[in-house]
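Reckoned from all heavy atoms, side chains included, excluding hydrogens, waters and symmetry mates. Quick caveat, the model's predicted, so the values are computed rather than measured. Chain identifiers are assigned alphabetically (A, B, ...) following the order of the sequence lines, protein sequences preceding nucleic acid strands; residue numbering begins at 1 within each chain.
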Amino acid sequence: MTQPHRAEGDAALELYFAAARAEPDAPLPGSLQRRLTDQALAAMPAKTAQAPETSRRARRSRRPGASGWRLIAPLVGNPGLAGVAAAAGLAGLAIGLWVPGLGEVTDGTLATLGWTGLPLAEPDLPWGEENGLLALIDG
Amino acid sequence: MPDATQTEDRAGGAASAHADDALMVRYAAGDAEAAQLLVSRLAPRVLRLAQRLLRDGAEAEDVTQEAMLRLWQIAPRWQPGQAAPASWLHRVAVNLAVDRMRRRREGVGIEAIDEPAAPGPAPAEAMIEADRAHALYLALAQLPERQRAAVVLRHIEGYSNPDIAEILGVGVEAVESLTARGKRRLAALLAPRRDELGYEE
């Protein structure tokens, strides 16, 4: 049921609300804007260049040669030996390539770099960016 | 009742929330430009809301700064597509403002209420409008904090009841009750000034 006195009261109040809504918005004061921006920058997390896939396992899975290691591992049955086999395979493939600054890769080049038939890096050590030669080979 | 402009605002609200969401993700990734854009997009309305609730410029700025700080702090854990950043921020701002209202409840004198913005060399109607707004804020200051917040959000800021429910953390029925009781009290407080403020039936 309609209540006339309530409707009248609402209409009267609406005038007041309309007056409040009509008040001009003050712009954000410049000093407050600066404070807010400074605060935002100070609280900002450090810039992340890539997705935060930082686990050791994830890093290892991105290394050049890692896919080959995964292929060989089931055959060899030992991850360590699989790493040796993958590295040896890659080093063998490198022979005959032309590497800027090194010239043509030969057995002697690999020996100069410390290659003695053992893996250049343990499976748990970083490959790829940290090992320019293998990165080049894999690329 | 929301007018056509408010309805349009709501229609554009989803797109705006999406843009704010994207800026939150960029901010969390360390994008300084996103920080500036979020300040420009969100802070003015938070400041206006705080001013309407508190009627004190310095306190409103403090509330804005504190609310924005909480936004920066939650940014790394922000889940896009859930609460809109603006709604989340307004909820924080309202709670901060209500806390301040409670702290100063003991003695809000009429002199503590800021005068409305000076209308300048305006016609008589503008003067009456400014007086009405001032009278309204004086009356609002006498309402319990949550009633005041509900009335301001509904009838001055133009939020829907479900949005107010989300901001205040209560049900829609509680919002309806808060605004109804608040309006009854306001009508009683303002009735003696009806003639003075130019109300015509």
Side-chain angles (χ1 to χ4, degrees), chain A residues 1-64 66 126 128-130 135, chain B residues 1 3 27-32 34-36 38-40 42-45 47-48 51-52 57 61 64-65 68-69 71-73 75-76 116-117 119 126 128-137 139-140 151-152 154-158 183-184 186-188 190-191 193-194 197-201:
Chain A
M1 182 175 171
T2 307
Q3 295 175 288
H5 65 282
R6 179 175 295 180
E8 180 189 320
D10 284 352
L13 274 182
E14 183 50 38
L15 279 179
Y16 291 93
F17 292 138
R21 287 195 296 268
E23 278 190 306
D25 283 345
L28 205 59
S31 60
L32 178 61
Q33 173 123 22
R34 278 191 297 279
R35 283 206 307 278
L36 292 175
T37 304
D38 290 347
Q39 185 185 54
L41 296 176
M44 190 162 60
K47 190 158 192 159
T48 51
Q50 292 180 332
E53 184 194 16
T54 54
S55 72
R56 190 169 185 164
R57 186 184 187 89
R59 285 199 309 273
R60 194 161 61 220
S61 72
R62 291 200 305 270
R63 289 176 200 152
E129 296 87 348
E130 297 84 350
Chain B
M1 178 158 302
D3 58 21
Y27 173 81
D31 185 337
Q36 291 173 331
L38 282 167
V39 168
S40 302
L42 301 178
R45 193 160 180 202
L47 179 65
R48 187 183 68 186
Q51 282 173 335
R52 283 176 165 165
E61 287 195 15
T64 303
Q65 196 165 336
M68 294 298 290
L69 178 60
L71 185 72
W72 310 136
Q73 288 169 339
I128 291 175
E129 288 270 295
D131 285 346
R132 280 180 189 148
H134 188 51
L136 174 65
Y137 284 116
L140 280 167
V151 169
V152 167
R154 182 76 183 92
H155 294 285
I156 303 179
E157 289 288 328
K183 284 168 66 180
R184 276 201 299 276
L186 283 179
L190 291 168
R193 304 194 65 183
R194 178 177 294 187
L197 294 174
Y199 172 62
E200 293 173 5
E201 292 187 42

Chain A heavy atoms under 4.5 Å from B:Pro76: which part of the residue, side chain, backbone, both or neither? side chain

Does any non-hydrogen side-chain atom of A:Leu36 lie less than 4.5 Å from one of B:Trp72? no

Heavy-atom pair count under 4.5 Å with chain A, highest-scoring of B:Val152, B:Val151, B:Leu136: B:Leu136

Heavy-atom distance under 4.5 Å to chain A: side chain of B:Ala43, backbone, both or neither? both

Quick one: does B:Tyr27's side chain have a donor or acceptor within less than 3.5 Å of a partner on A:Ala40's backbone? yes

Which region of A:Ala22, side chain (C-beta onward) or backbone (N, CA, C, O), has a non-hydrogen atom less than 4.5 Å from a non-hydrogen atom of chain B, or is it both or neither? side chain

Segment of B:Leu69 engaging chain A (4.5 angstrom heavy-atom cut-off): both

pair A:Tyr16-B:Leu140: side-chain heavy atoms closer than 4.5 Å: no

Considering residues at least two apart in sequence or located in another chain, which fulfil the side chain to side chain donor-acceptor pair (under 3.5 Å) criterion with A:Arg35? B:Glu61, B:Gln65

List the residues meeting side chain to side chain donor-acceptor pair (under 3.5 Å) with B:Arg48, not counting sequence neighbours, and say none if there are none. A:Asp25, B:Glu157

Chain A heavy atoms under 4.5 Å from B:Arg45: which part of the residue, side chain, backbone, both or neither? neither

